Engineer: 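Sharing a structure, written as C-alpha cells. Questions coming.
None of the values given here were measured: they were computed from a predicted structure. All ligand and atom numbering here is 1-based and tracks the order in the structure.
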Amino acid sequence: MIYSRITGLGFYVPETVVTNHDLEKYMDTSDEWIRERSGIETRRFFTEGKDTVSKMGARAAEVAMERAGVTPQEIDFIIFATLSPDYNFPGSGVLLQRELPFRNIGALDVRTQCTGFIYGLSIADQFIKSGMYKNVLVVGSEIQSNIFEKSNRNRDFAVLFGDGAGAAVVQATQDENRRILSTHLFSEGQYAEDLMLEHPGSNLQDRLGQELFDEGKHLPYMKGRMVFKHAVTRFPEAIQAALDANNLTKDDIAVMVPHQANLRISEAVREKMGLREDQVYNNIQRYGNTTAATIPIALAELYEADRLKEGDLICLAAFGSGFTWASCLLRW
Ligand code: UT7
C-alpha cells in the first residue's frame, strides 16, 4: 500500500508586529475588547514591495522542503490554498512555481478559505495514494491586513485577521504507522453569504462601480455570532467523524490543532470534546487569524518546539467561509 506523510513543515510571517493598541489609532476598539472576544494580542502585517502571498508561501516552502530533505526539482505538484491571491487570475500556485526552481509541474489553487490547508492535504493524500505523485507541496498563505479599511466600518472583523504563510511537504510512504490516516471534508453552501467578500465579483455588469465602494461591498462581510455558533458545532462533528472512521477516541489525540479563528471558539471546542488544555495548540494570540495559513504555521511551530513525537496522533480541524469544515488525522 502507498500512503502519504508530512515530512517537512515551514512557516513565514512578515516582520511588522501590530498590537491591539496600534489598531486603536484607526478605529474605536480596545486591547481589552479584542483580547476578551478573541484572545488576540498581536498580528503581523505585510511589507509592500517585499511580501506577496506567493513570495511568503515560497519562503515557508523553502523551509519545509529543506526539513523534508527534498529539492524544488523533486516536487511533483503544488497545492496553494489562499483567499487572498496575488491576482484575481492566474492563481498564486503558478506564481510560487516561478519563485523557486521547480520543474513545469502542475499548480492548483484551493479556494476554501479557512479549511484550505486541510482540503489541500486531502488532495495531496489522494494524488499520492493513487500513485500519480510522490512529493507534493501544500501551502497556505494570506495577506489580509489590506482587505479591511482601517476604520470603524468593519472593526468587528478587521481586528481578527493577520498575514502569514505555512507549508508542508507531503511524501509517499509505505510505513502504515506514520502517515495521514484520513481527511473529512464538508460544505454547506446555503451559508455562503454569511461570511464573504462580494466584490469585485462576476455577477454584475459593472464590476467596479463607485456605489459598490460606497456600500462597502468590497469589504469582507461576516455574521459574527452566526459563524461562531456554527463553528462550535461543526468543529466537534468533523473531529468526531475522523475519530470514528479510525476507531480512535479523543484520549488518543496527542495534539489537536484547530484552525485559529478565535481563542473562544478553540476553547469551546476543546471543552465540548472533553480535551485537556495540553492536547490543544493555539497561537492566535500572536498571529491573529491567518485563514489558510493558521494550521501549517501552528504545525511548523510545534515541530520547531519538538512537540511532534514519532507515533503521536495529530488532529487538524477547521471551519470557515462557505461554510466549509474539515478534519485530518495523522500519525506523526
Ligand atoms: O475564520 C473565519 C471565521 N470567523 C470566525 O470564526 C469569527 C466568529 N465570530 C466571532 O469570533 C465573534 O462573533 C466576534 C469576535 C467577531 C465578535 O464577538 P461578539 O461577542 O459576537 O461581539 P458582537 O459582534 O456581538 O459585538 C458586541 C459589541 C457591539 O456593540 P453593542 O451593539 O453591544 O453596543 C459591537 O458594535 O462590540 C462592538 N464591537 C466592537 N467593539 C470594540 C464590534 N467590533 C468591535 C471592536 N472593538 N473591534
Engineer: Roughly how far apart are S327 OG and L185 CG, rounded to 0.5 Å?
Structural biologist: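 Nearest 0.5 Å value for the OG-CG distance: 8.0 Å.
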Engineer: Tell me which donor-acceptor pairs under 3.5 Å the side chains of residues 192-201 have, and how far apart each pair is, sequence neighbours excluded?
Structural biologist:
from: D194; atom 1: OD1; to: K223; atom 2: NZ; distance (Å): 3.2
from: H199; atom 1: ND1; to: G201; atom 2: N; distance (Å): 3.1

Engineer: Under 3.5 Å, is there a donor on one side chain and an acceptor on the other for E142 and T82?
Structural biologist: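 Side-chain D/A pair, E142 to T82: present.
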Engineer: Anything under 3.5 Å between a donor and an acceptor, one on a side chain of residues 3-12, the other on a protein residue two or more places apart or in another chain? List them.
Structural biologist:
from: S4; atom 1: OG; to: D125; atom 2: OD1; distance (Å): 2.7
from: T7; atom 1: OG1; to: Q171; atom 2: OE1; distance (Å): 2.7
from: Y12; atom 1: OH; to: D51; atom 2: OD1; distance (Å): 2.5

Engineer: Which pairs would a plain distance check flag for residues 231-258, meaning a side-chain donor or acceptor within less than 3.5 Å of a matching protein atom at least two apart in sequence or in another chain?
Structural biologist:
from: T233; atom 1: OG1; to: K229; atom 2: O; distance (Å): 3.2
from: R234; atom 1: NH1; to: E237; atom 2: OE1; distance (Å): 2.7
from: R234; atom 1: NH2; to: E188; atom 2: OE1; distance (Å): 2.9
from: Q240; atom 1: NE2; to: D244; atom 2: OD1; distance (Å): 3.0
from: N246; atom 1: ND2; to: S182; atom 2: OG; distance (Å): 3.0
from: N246; atom 1: ND2; to: A242; atom 2: O; distance (Å): 2.8
from: T249; atom 1: OG1; to: D251; atom 2: N; distance (Å): 3.3
from: T249; atom 1: OG1; to: D252; atom 2: OD2; distance (Å): 3.4
from: K250; atom 1: NZ; to: G274; atom 2: O; distance (Å): 3.3
from: D252; atom 1: OD2; to: T249; atom 2: N; distance (Å): 2.7

Engineer: Determine whether a donor-acceptor pair (N or O, by modelled atom type, separation under 3.5 Å) exists between the side chain of K134 and the backbone of G131.
Structural biologist: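 It does not hold such a pair.
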Engineer: Any protein N or O within less than 3.5 Å of an N or O in ligand 1? List each pair with its distance, or say none.
Structural biologist:
from: ligand 1; atom 1: 1 (O); to: H259; atom 2: NE2; distance (Å): 3.1
from: ligand 1; atom 1: 1 (O); to: N289; atom 2: ND2; distance (Å): 2.8
from: ligand 1; atom 1: 9 (N); to: G224; atom 2: O; distance (Å): 3.0
from: ligand 1; atom 1: 11 (O); to: N262; atom 2: ND2; distance (Å): 2.6
from: ligand 1; atom 1: 13 (O); to: G224; atom 2: O; distance (Å): 3.3
from: ligand 1; atom 1: 20 (O); to: R37; atom 2: NH1; distance (Å): 2.7
from: ligand 1; atom 1: 21 (O); to: R225; atom 2: NE; distance (Å): 3.1
from: ligand 1; atom 1: 22 (O); to: R37; atom 2: NH1; distance (Å): 3.1
from: ligand 1; atom 1: 25 (O); to: R225; atom 2: NE; distance (Å): 2.8
from: ligand 1; atom 1: 25 (O); to: R225; atom 2: NH2; distance (Å): 3.1
from: ligand 1; atom 1: 36 (O); to: R155; atom 2: NH2; distance (Å): 3.0
from: ligand 1; atom 1: 37 (O); to: W33; atom 2: NE1; distance (Å): 3.0
from: ligand 1; atom 1: 41 (N); to: W33; atom 2: NE1; distance (Å): 3.3
from: ligand 1; atom 1: 44 (N); to: D156; atom 2: N; distance (Å): 3.4
from: ligand 1; atom 1: 47 (N); to: T29; atom 2: OG1; distance (Å): 2.7
from: ligand 1; atom 1: 48 (N); to: T29; atom 2: OG1; distance (Å): 3.2
from: ligand 1; atom 1: 48 (N); to: R155; atom 2: O; distance (Å): 3.0

